[in-house]
Amino acid sequence: MSKGRSRPSGRTTAVGERKTPYNPLAVEPRRYQEWLEGGYFHAPVDPTRRPFCIMMPLPNITGSLHMGHALNHTIQDLLTRWRRMQGYNAMWLPGTDHASIATHVVMERELAKEGKTRFDLGREKFLEFAWQWKAKYGDLIYSQIRRMGNSCDWDRVTFTMDPAYYDAVIECFLRLYQKGYIYYGKRMINWCPKDLTSVSDLEVNYQTVQSHLWYVRYPGADGGGGVVIATQRPETILADVAVAVHPDDERYAGLVGRQVIVPIVHRRVPVIADRRVDPAFGTGALKITPGHDPLDHEIGAAHGLPVLVILDERGRMTAETGAYAGMDRFEAREAVARDLEAAGLVERKEPYATNVGLCDRCRTVLEPYITDQWFCRMEALARPAIDVVRQGRVRFHPERWTKVYLDWMEHIHDWNISRRLWFGHRIPVWHCANGHQVAGRQAPVRCPHCGGSDLQQEEQILDTWFSSAAWPFATLGWPKDTPDLRYFYPTSVLVTGRDIIFLWVARMIMFGLEFVGDVPFTDVYINPTVLNIQGRRMSKSLGTGLDPLDYVEQGYGADALRFALTLRCSQGQQDLRFGEKMLEDVRNFNNKLWNAARFVRMHLGDFTPAAGVRPAACSLFDRWIRSRYGRLIGEVTASLEAFDFDKVARALYDFVWSEYCDWYVELAKVDLYRPDLDPVRRLAIQHTLWQVLEGTLRLLHPIIPHITEEIWQALPHQGKSIMIAPWPGLGDAEVDEAAEEGMATITAVVRAIRSMRADLGMAPQTPVAPVLRAGDRTRELLEAHRDYVATLARAPGLAFAGGGVRPRWAVGTVVEGVEVSIEVAEADRARARRRLTAELAAAKAELDRTIRRLQDAAFLSRAPAEVVEEDRRREAVLRDRTHVLAGYLAALD
RNA sequence: GGGCGCUUAGCUCAGAGGAAGAGCGCCUCUCUGACGCAGAGGAGGUCGGAGGUUCAAGUCCUCCAGCGCCCACCA
């Protein structure tokens, strides 16, 4: 709560309403329920209308949603609601992801509390548990999405393990299998010894850790000194099959082709030459362990070396490692190092910073490990997916992500798609006893290759990203040729985070092109990452995670959270720092809007828009605010089209607060509180107040849907809900340059009077008697609007100077060609002098700068004529101002 | 080792070649009949540093520094 002084309680307004701030909690759930009941979220196929479609990036069912989801969903809802109002048949499809490994990790954490693992339950029981989990967290997620006001099509909600979706995923696999893109075999992959599965290269998190480099001597088999190698992983020495050096390394030229002895196991292994060895690293000699290192694996294969394995799937030393059998890999590392030292084979040990790969999900150090794996060839899939982005058929926003995408796609590796997990889409392949594989929807009776009838389905499931790659079309009924698919595909925009451009965006583009023959979406908007106010990543485990719903229920409401996030969602920054202060700002805005609307309603009486408005009855101010509103429509619409969401929010914020409320409403009061107000004038004011507010609500609605609906329903309006009201168009209000110019003069004069009065130490309500002097046309304008200027400036004695009559002492200034002055009492002469002196100094400095420029021949000859002209005008204005200020100052003495 | 982003008022951020902006915070005033979650008026930036291009540079170019992100098999 702010520390503002508390005001007397129980005050009521003229219409008897209690003066309490807008309370979103009383409005939002009720409005959402009405929208649901109105069926506005559902978008059935309708060939007479243009479709607009967004597929929600499916949240994992691992828990509740975080601030990143709140932002991501807000942007999608913003786009959906905007396009719906524009007349598109807008469909936003919600759903959730079974997220195999992520869900496994959280479920197993739960099981671990009872001292159990998934293996204690067994596949079947574990899957039951998974479905219960899904029911619980799926519902939680959907209720959070609803509470934020999101207008998703709930009739189409999809889960990646729904039967139809499951079948579509299997169909994708089978088609790729048919084309020969899928291959199977023993491969070295990233293995998580805790989760007991492979993970793809993209799911490895590299972290720098302090480690050691051991320099270990491998004695020559011939009794010679042999060679010294450097290693961080002494335990893998037991699986060494060679030592490699660079072929051009003269230090070892004599050794290549001879043998050295692997310490501890006393195995004789060859010294080989290979260009992949970096002679500058360590000693230039590399021990080769094909069973436990990717580079060694490659080198070993090239030289036909055997593969030895000394670690099991849990990262423990195997039974064949003698004294080390059963030790954990880290324990074994120390033990082996100790034994090497005892044997006098460690030449030295130095500290070394190295990158270790951690499991993205459980942070366990990953192990390069050889197991039976399924891979998907990517080259043929990637080629068209590169082309469509190059051709602009898929566009990234901000544009810089295009290069990130292309760089990765151009160097794409084959994709390890199998996971040794249970919750997911089981690979539809059967292995026969003779080692053949048969892919299909059902278990084959016998093996087509050998006729064998002993067939077992593959145990592994597909990578969760394999199933989500089909999201844009599997949700629409594919592989069937459905009306939904024909109508909504390709979808319009994908809104997502940069962390899954490779994992998900790239794969959707590849799958879409491969299976449907067209891009899955035409635009990709990469939203910023939400960080906390210190600029740190939000993370539950670090205790820095923020629950968006906490803030909502604390009283800020969903609209405030949506507006706060939108206001800071710019394309310039890749992160968005979120703090509670931002919610206060926007909550205050909502309250301002609410109260402005209350003012309008108070004065609308029995006004109906049908009465129309006569242009002749419109004041300068009516024309001005309509002109500003007209510009606003253009700006907001253009910014939405350009994905500049912060600009959308800011334009609306500034318009409502700084123009509509601060000026138009205040000016309208001058007339509305006039006892003898002409009914025709009243109608014009009512019409303007209503028209601009009603239209602005429509522009605001995509960002803050609940409050705009609440207000809109209380105003004269057409239609059942603001969410299906038309989007304001450029024809709704005309820009009026003359009105804007006139208004600029009036606001400048009002501000000048307020400023001078404040500088003279007069309270805002103290009446003053300013004297204005201006050229004929401006004077005419000001005289015509003197009541308004006088009221806003609290200057009942406003006068116009005819000749050179000036009070004895006065403070004055010139704004917009108008000389404004206020008489000064003797006691205030010092204050007046201070103000005039400061303003004069500033004006003089600026005048000098301008004169200097105008004396610069290069400037005069090279700058565009209008720039020079502008400077000449400025010079004249400044000369006038300094002259006037100096006059007032001199008179004070 | 490459690539990308950021560095503007105490804080969070707009601005992308022609006179430094917003919100919050701070200081003065104000119990005005929409709103104190408010109104009025202020103070406060040599726009990270150094060069350069230009008549003119937060704004374009080069280099440097700090912070952050991504990619890469260096034992």
Side-chain angles (χ1 to χ4, degrees), chain A residues 1-2 4-8 11 13-15 17 19 21-22 206 213 229-233 236 244 276-278 280-282 285-289 293-298 352 354-355 368 398 400-401 403-404 407-408 411 498-499 501-502 529 531 533 535 537 567-568 570 572-579 581-582 584-603 646-647 650 653-654 657-658 661-662 665-666 669 673 751 754-759 761-765 794 846 849-850 853 856-864 866-868 870-871 874:
Chain A
M1 280 288 107
S2 106
R5 270 142 287 179
S6 62
R7 59 207 321 278
R11 278 179 62 181
T13 66
V15 292
E17 290 175 58
K19 274 198 173 184
Y22 170 66
Y206 287 95
L213 210 49
I229 57 89
T231 183
Q232 302 175 57
R233 301 197 57 186
T236 63
R276 281 165 280 213
V277 178
D278 176 5
F281 187 91
L286 171 64
K287 74 189 204 62
I288 299 297
T289 321
D293 183 273
L295 176 63
D296 295 10
H297 190 73
E298 214 179 282
Y352 183 68
T354 185
N355 286 333
R400 62 176 178 274
W401 297 109
K403 182 171 140 47
V404 174
D407 284 352
W408 186 76
H411 300 104
R498 67 180 123 97
D499 51 330
I501 291 176
F502 308 143
T529 303
L531 305 178
I533 201 70
R537 247 216 165 81
L567 198 48
R568 285 165 182 82
S570 79
Q573 307 252 174
Q574 58 178 4
D575 300 319
L576 185 165
R577 292 188 186 198
F578 177 85
K581 267 269 171 291
M582 297 166 184
E584 273 182 38
D585 295 355
V586 164
R587 177 257 259 137
N588 295 354
F589 173 86
N590 286 344
N591 189 235
K592 185 80 177 174
L593 179 66
W594 177 254
N595 280 296
R598 197 165 63 176
F599 170 84
V600 172
R601 275 194 289 143
M602 275 167 55
H603 291 93
D646 60 325
K647 292 198 178 84
R650 205 182 346 271
Y653 185 105
D654 290 344
W657 205 313
S658 311
C661 292
D662 285 354
V665 166
E666 293 305 318
K669 284 178 186 171
Y673 292 147
R751 285 197 170 111
R754 287 169 174 172
S755 171
M756 284 190 288
R757 186 194 6 229
D759 275 0
M762 302 161 89
Q765 84 284 14
R794 294 190 178 281
E846 210 183 323
R849 244 181 296 141
T850 309
R853 281 225 292 176
D856 182 347
F859 173 71
L860 293 174
S861 62
R862 306 229 181 165
E866 59 273 22
V867 174
V868 176
E870 175 70 33
D871 258 22
R874 184 178 307 154

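Because the structure is a prediction, the values reported are computed rather than measured. Numbered from 1 within each chain, the chains take letters A, B, ... in sequence-line order.
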Inset, instruction - Decide, for B:G58, between syn and anti: a glycosidic angle within 90° of 0 counts as syn, anything else as anti. - result: syn
Legend entry - A:W657 side chain, from C-beta outward: closest of B:G23, B:G39, B:A19: B:G39
Inset, instruction - Report the nucleotide, chosen from B:A75, B:C69, B:C13, that has the shortest atom-to-atom distance to any side-chain atom of A:Q574. - result: B:C69
Legend entry - Side chain of A:I533 - closest among B:U12, B:A40, B:G42: B:U12
Inset, instruction - Quickly work out the A:E584 CD to B:U12 P distance and round it to whole Å. - result: 16 Å
Legend entry - A:T231, nearest nucleotide to its side chain (from B:A19, B:A75, B:G18): B:A75
Legend entry - Separation of B:A56 P from A:F859 CZ (nearest whole Å): 11 Å
Inset, instruction - For A:K592, answer base if it contacts any base atom (sugar-phosphate contacts may also be present), sugar-phosphate if it contacts only those atoms, and nothing otherwise; contact means non-hydrogen atoms under 4.0 Å. - result: base
Legend entry - Residue closer to the 5' end of RNA chain B, A:F589 versus A:S658 (nearest nucleotide): A:S658
Inset, instruction - Find the distance A:F599:CZ to B:U32:P and express it as a whole number of Å. - result: 16 Å
Inset, instruction - Ignoring the backbone of A:R754, work out which of B:A40, B:U32, B:C4 is nearest its side chain. - result: B:A40
Inset, instruction - Calculate the interatomic distance between A:R400 atom CZ and B:C71 atom P; express it in whole Å. - result: 16 Å
